[in-house]
Amino acid sequence: MSASDRRIRRRSELVTFFVLAFGIWPILAVAAVGGFGFMVWMYQIIAGPPGPPA
């Protein structure tokens, strides 16, 4: 592997890392938390709020 090939591969790996670290993973994290919150909200609409019966 020549020096220029290593430079190109390193740049490609850095771009991939930054896209994953600052693009895809934060979006997936927000979607997961939002999806869980939505499921809890829908469950509480059906089953009522938590706590002892009134």
Can you run down the salt bridge (Lys or Arg N to Asp or Glu O under 4.0 Å) pairs that involve residues 1-10, sequence neighbours left out, and say none if there aren't any? Arg9-Glu13
Could you list all the salt bridge (Lys or Arg N to Asp or Glu O under 4.0 Å) pairs where at least one residue sits in residues 18-39, not counting sequence neighbours? none
Between Ser12 (side chain) and Ile8 (backbone), is there a donor-acceptor pair under 3.5 Å? no
Is there a path of hydrophobic side-chain contacts, each under 4.5 Å between heavy atoms of I, L, V, M, F, W or Y residues, that connects Leu20 with Val30? no
Do Val33 and Ile27 belong together in a cluster built from hydrophobic side chains that touch within less than 4.5 Å? no
Applied to residues 25-44, the side chain to side chain donor-acceptor pair (under 3.5 Å) test, sequence neighbours excluded, yields none
